[in-house]
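Before any comments, here is the structure.
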Amino acid sequence: SDYLNIALSFQALGYYAESNSRAKQALEKALELDNLTLAKSCYGALAENEEKLGNNKAASGYYEKYTTLSKHLQKQEMEAMASKTKEIERQVQTKEKQLRSTLDTLGEVLELNREMQLENALLNKENQLKEAQKARLEAQQDKLKAKEKTRRTQLIAMGVVALLIFCIA
């Protein structure tokens with residue numbers, strides 16, 4: 001607050017009564033705005049001023065308020081940090097669960113991929129075997145056709161020879 005800055009300036013110059021006046025104005029504003037950090041600083045300045053002015057009882061009262069507010073603000077800060085820590089821990093747990101789920105899913109995908117690769121390899125082997133069997137059957141059929149053609153040729157030749165023998169005789 002501007003009032004506190006002015007109060008601290010007067011305090012630095014040794015004008016403690018004027019500093020108190022400005023510090024009290026700053027304290028009034030801080031309490032209106034519920035600004036406990038500013039109020040704590042005002043109590044600290046007031047305590048120092050009263051001590052310099054020799055008003056030890058007033059200084060002690062302000063120091064007590066300063067200390068009480070300091071402890072209260074530290075407690076709030078610790079609670080806020082604890083709350084943030086818990087929230088971060090919850091986020092970490094959530095991320096760990098998501099990661100485990102992702103890893104499980106990835107494992108399943110990899111297993112399915114491996115199974116598909118094995119199935120494809122098996123199908124390829126089956127196809128190769130079928131192709132080899134088909135080629136063997138075609139080769140056997142070609143041999144049978146060649147043998148049949150040879151037999152026909154032999155039968156025709158024997159028929160021609162027999163006809164020639166019959167015609168000659």
Side-chain angles (χ1 to χ4, degrees), residues 1-9 23 26-45 47-48 62-169:
S1 158
D2 292 337
Y3 289 122
L4 180 61
N5 290 335
I6 294 170
L8 294 174
S9 296
L27 178 60
E28 185 179 312
K29 287 288 184 186
L31 294 175
E32 279 178 27
L33 299 173
D34 197 30
N35 186 337
L36 298 181
T37 303
L38 180 59
K40 178 188 83 159
S41 298
C42 292
Y43 285 129
E48 285 183 42
Y62 285 129
Y63 274 128
E64 187 176 319
K65 289 179 181 182
Y66 172 85
T67 303
T68 301
L69 267 181
S70 289
K71 288 179 182 176
H72 177 74
L73 289 171
Q74 284 176 343
K75 182 181 176 186
Q76 281 183 336
E77 190 175 318
M78 293 299 286
E79 288 172 353
M81 287 174 61
S83 176
K84 282 183 181 180
T85 300
K86 285 182 182 177
E87 178 59 29
I88 289 171
E89 286 173 353
R90 279 194 295 272
Q91 290 174 357
V92 166
Q93 288 174 349
T94 300
K95 294 294 181 188
E96 284 175 346
K97 285 179 185 176
Q98 290 173 345
L99 179 60
R100 279 192 295 273
S101 175
T102 300
L103 288 174
D104 290 345
T105 302
L106 179 60
E108 291 171 8
V109 167
L110 289 173
E111 181 62 25
L112 286 173
N113 186 29
R114 189 178 73 76
E115 287 176 10
M116 288 174 61
Q117 286 176 345
L118 290 173
E119 285 179 22
N120 283 339
L122 183 61
L123 288 173
N124 286 338
K125 292 290 181 185
E126 286 177 359
N127 284 338
Q128 288 173 355
L129 184 60
K130 285 179 183 178
E131 289 295 322
Q133 286 175 340
K134 182 179 175 183
R136 227 181 1 249
L137 284 174
E138 287 175 355
Q140 285 175 350
Q141 286 177 346
D142 289 344
K143 278 184 182 180
L144 288 174
K145 285 180 185 176
K147 279 183 182 181
E148 191 176 313
K149 189 175 183 181
T150 303
R151 277 193 189 139
R152 271 192 218 144
T153 306
Q154 286 173 347
L155 284 174
I156 292 174
M158 284 182 13
V160 169
V161 169
L163 192 62
L164 279 175
I165 292 177
F166 181 71
C167 285
I168 294 182

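The chain is numbered in sequence order, starting from 1.
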Gap between atom [atom2] of [Y] and atom [atom1] of [X] - 0.5 Å precision:
X	Y	atom1	atom2	value
L69	Q74	CG	CD	11.0 Å
L36	C42	CG	SG	11.5 Å
I88	Q93	CD1	CD	12.5 Å
L144	L137	CG	CG	10.5 Å
L110	E108	CG	CD	10.5 Å
S41	L4	OG	CG	6.0 Å

Counting only heavy atoms not in [X] (residues, nucleotides, ligands), do more than 12 fall under 6.0 Å from its [atom1]?
X	atom1	value
R151	CZ	no
E79	CD	yes
D104	CG	yes

Q. Hey, mind stepping through Y43 and E64 against side-chain contact (heavy atoms from CB on, under 4.5 Å) and telling me if it holds?
A. CA-CA 9 Å; Y43 285 129; E64 187 176 319; over 6 Å; no
Determine the minimum heavy-atom distance between [X] and [Y], stating which atoms define it.
X	Y	result
L38	N35	N-OD1, 3.0 Å
A30	A39	CB-N, 3.7 Å
A26	S1	CB-OG, 4.2 Å

By side-chain hydrogen bond (donor to acceptor under 3.5 Å, both in side chains) - contacts of [X] (at least two apart):
X	result
Q76	H72
Q91	E87
Y66	none

Student check: side-chain heavy atoms of [X] and [Y] closer than 4.5 Å:
X	Y	value
Y3	E28	no
Q117	N113	yes
I165	L163	no

Q: Any chance you could lay out the side-chain contact (heavy atoms from CB on, under 4.5 Å) test for T94 and V92, step after step, and finish with the verdict?
A: CA-CA 5 Å; T94 300; V92 166; over 6 Å; no
Q. Listed by chain and number, what are the salt bridge (Lys or Arg N to Asp or Glu O under 4.0 Å) partners of R100, not counting sequence neighbours?
A. none
Q) What pairs with R114 under salt bridge (Lys or Arg N to Asp or Glu O under 4.0 Å), at least two apart in sequence or on another chain? A) E111
(Q) Once side-chain hydrogen bond (donor to acceptor under 3.5 Å, both in side chains) is applied, what residue pairs with a partner in residues 125-150 remain, sequence neighbours excluded? (A) E148-R152
Q | Evaluation steps, side-chain contact (heavy atoms from CB on, under 4.5 Å), between K75 and M78 | A | CA-CA 5 Å; K75 182 181 176 186; M78 293 299 286; 5.7 Å; no
